[in-house]
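Just so you know, these numbers use all the heavy atoms, side chains as well, and skip hydrogens, waters and symmetry mates. Just follow the structure's listing: the first ligand is 1, and inside any ligand the first atom is 1.
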Amino acid sequence: MIAVNEKWLELADVKDELAVRDWFMGTSGNLAIKVADEPLEFLVTASGKDKKKRTDEDFLLVDGNGQPIIERFLTPSAETLLHCAIYKKTNAGCSLHVHTVANNVISELYGDAGKIDFQGQELIKAFGLWEEDAVLTIPIIANHADIPTLTREFESTISADKGAVLIRNHGITVWGKNSFEAKKLLEACEFLFQYQLALQLQLK
Ligand SMILES: CSCCC(=O)C(=O)COP(=O)(O)O
Ligand SMILES: [Zn+2]
């Protein structure tokens with residue numbers, strides 16, 4: 001139970017930081033943090049809540065199928081299966097999903113290509129890419145309304161213990177070994193997206 005309480009507080013702190021950035025517009029976004037490996041258990045945000053507020057009902061514990069453990073009054077995030085896919089396919093400890101204007105516009109501009117590449121950008125080092133000619137590729141998948149379909153396409157893009165995937169005209173999901181790394185990746189992506197949009201305005 002101590003582990004759950006510690007992870008709860010860790011995720012609540014991340015949620016507060018992302019809320020300050022206004023990254024939970026219109027109750028969008030969901031966050032998860034792993035609590036146990038075998039069997040898999042993780043805390044995930046309750047669905048449809050105002051994630052800018054800190055309450056005792058912000059998170060609930062779910063199993064590897066995204067089903068609530070003990071808690072029967074709260075509904076897990078509608079996108080819990082995406083978090084399940086991350087924890088099943090990687091050693092990640094935390095996964096974060098937010099909707100921002102920049103990540104939505106980038107996903108639409110580059111959606112037909114199915115990806116966006118970043119090269120020659122200092123911030124790609126956040127992903128561990130330190131070589132001078134390194135390329136960060138962020139996949140962009142279709143925003144299927146059917147969550148199992150969305151999850152299948154999403155999990156086909158997962159190939160490492162840290163990563164980021166854009167869902168077209170929806171948002172981004174990132175994951176990393178812990179909440180610090182996941183938040184770092186989320187911020188790096190947002191920087192890169194805002195840079196790309198600003199650059200495109202200058203080129204016009
Ligand atoms: C109003 S946002 C639409 C659902 C969504 O994309 C999202 O991120 C939040 O859903 P949740 O069930 O996690 O609250
Ligand atoms: Zn979403």
Asks: Between Lys177 and Asp161, does any NZ, NE, NH1 or NH2 come within less than 4.0 Å of an OD or OE carboxylate oxygen?
Replies: no

Asks: Side chain or backbone of His83 under 4.0 Å from ligand 1, or both, or neither, by non-hydrogen atoms?
Replies: neither

Asks: Among protein heavy atoms, which sits nearest to atom 4 (C) of ligand 1, and what does the distance come to when rounded to 0.1 Å?
Replies: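 Going atom by atom, the protein heavy atom closest to atom 4 (C) of ligand 1 ends up being Glu79 OE2, 4.0 Å.
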
Asks: Return yes or no for this condition: an N or O of Ser47 is under 3.5 Å from an N or O of ligand 1.
Replies: yes

Asks: List the steps and the verdict of salt bridge (charged side-chain N to carboxylate O under 4.0 Å, His left out) for Arg21 and Glu17.
Replies: CA-CA 7 Å; Arg21 295 177 187 278; Glu17 287 188 49; 5.6 Å; no

Asks: Below 4.0 angstrom from a heavy atom of Ala78, which ligand 1 atoms are there? Numbered from 1 as shown, please.
Replies: 11 (P), 12 (O), 13 (O)

Asks: Give me the nearest non-hydrogen protein atom to atom 3 (C) of ligand 1 as residue plus atom name, then the distance to 0.1 Å.
Replies: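 Protein heavy atom with the smallest distance to atom 3 (C) of ligand 1: His99 CE1, 4.5 Å.
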
Asks: Please lay out, stage by stage, how Arg168 and Asp112 fare under the test salt bridge (charged side-chain N to carboxylate O under 4.0 Å, His left out).
Replies: CA-CA 10 Å; Arg168 192 167 181 168; Asp112 286 348; 3.0 Å; yes

Asks: Are any of the side-chain heavy atoms of Pro68 and Pro76 separated by less than 4.5 Å?
Replies: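 Of all side-chain heavy-atom pairs linking Pro76 with Pro68, at least one is under 4.5 Å.
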
Asks: Quick one: look up the protein heavy atom nearest atom 13 (O) of ligand 1 and list residue, atom name and how far away it is.
Replies: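 Nearest neighbour among protein heavy atoms for atom 13 (O) of ligand 1, to 0.1 Å: Ser77 OG, 2.6 Å.
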
Asks: With distance as the sole criterion, is a donor-acceptor pair present between the side chains of Ser179 and Lys7 under 3.5 Å?
Replies: no

Asks: Under 3.5 Å, is there a donor on one side chain and an acceptor on the other for His144 and Thr149?
Replies: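 Their side chains do not contain a donor-acceptor pair, so the 3.5 Å distance test is not met.
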
Asks: For ligand 1, which atoms have a heavy atom of His97 less than 4.0 angstrom away?
Replies: 8 (O)

Asks: To the nearest 10 degrees, calculate the angle at the Zn ion (ligand 2) involving NE2 of His97 and NE2 of His170.
Replies: 100°

Asks: Please report, to 10°, the angle around the Zn ion (ligand 2) from atom NE2 (His99) across to atom OE1 (Glu79).
Replies: 160°

Asks: Quick test of your reading of the model: are Arg152 and Glu155 salt-bridged, counting only N-O distances below 4.0 Å?
Replies: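 Salt bridge flag = no for Glu155 with Arg152.
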
Asks: Nearest to atom 8 (O) of ligand 1, what protein heavy atom do you find, and at what distance?
Replies: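 Protein heavy atom with the smallest distance to atom 8 (O) of ligand 1: Gly29 N, 2.9 Å.
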
Asks: Hey, which of Tyr87, Trp8, Phe59, Trp175 is the one that makes ring-ring contact (aromatic ring centres under 6.0 Å, His included) with Phe42?
Replies: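 Of the listed residues Tyr87, Trp8, Phe59, Trp175, the ring-ring contact (aromatic ring centres under 6.0 Å, His included) partner of Phe42 is Tyr87.
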
Asks: Can you give me the closest heavy-atom contact between His83 and Leu96, atom names plus distance?
Replies: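 Taking every non-hydrogen atom into account, CE1-N, 4.4 Å.
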
Asks: For atom 1 (C) of ligand 1, what's the nearest protein heavy atom and its distance?
Replies: Gly26 O, 3.3 Å

Asks: Students should be able to answer this: which protein heavy-atom is nearest to atom 10 (O) of ligand 1, and at what distance?
Replies: Asn30 ND2, 3.9 Å

Asks: Are any of the heavy atoms in Thr27 under 4.0 Å away from ligand 1?
Replies: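 The answer is yes: ligand 1 sits under 4.0 Å from a heavy atom of Thr27.
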
Asks: List every atom of ligand 1 that sits less than 4.0 Å from any heavy atom of Gly48, numbering the atoms from 1 in the order shown and giving each element.
Replies: 11 (P), 12 (O), 14 (O)

Asks: Could you pull out the closest heavy-atom pair between Tyr110 and Gln200, with the gap in Å?
Replies: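 That closest heavy-atom pairing would be OH-NE2, 2.5 Å.
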
Asks: Could you work out, for atom 14 (O) of ligand 1, the closest of Met25, Lys49, His170, Lys51 by heavy-atom distance?
Replies: Lys51

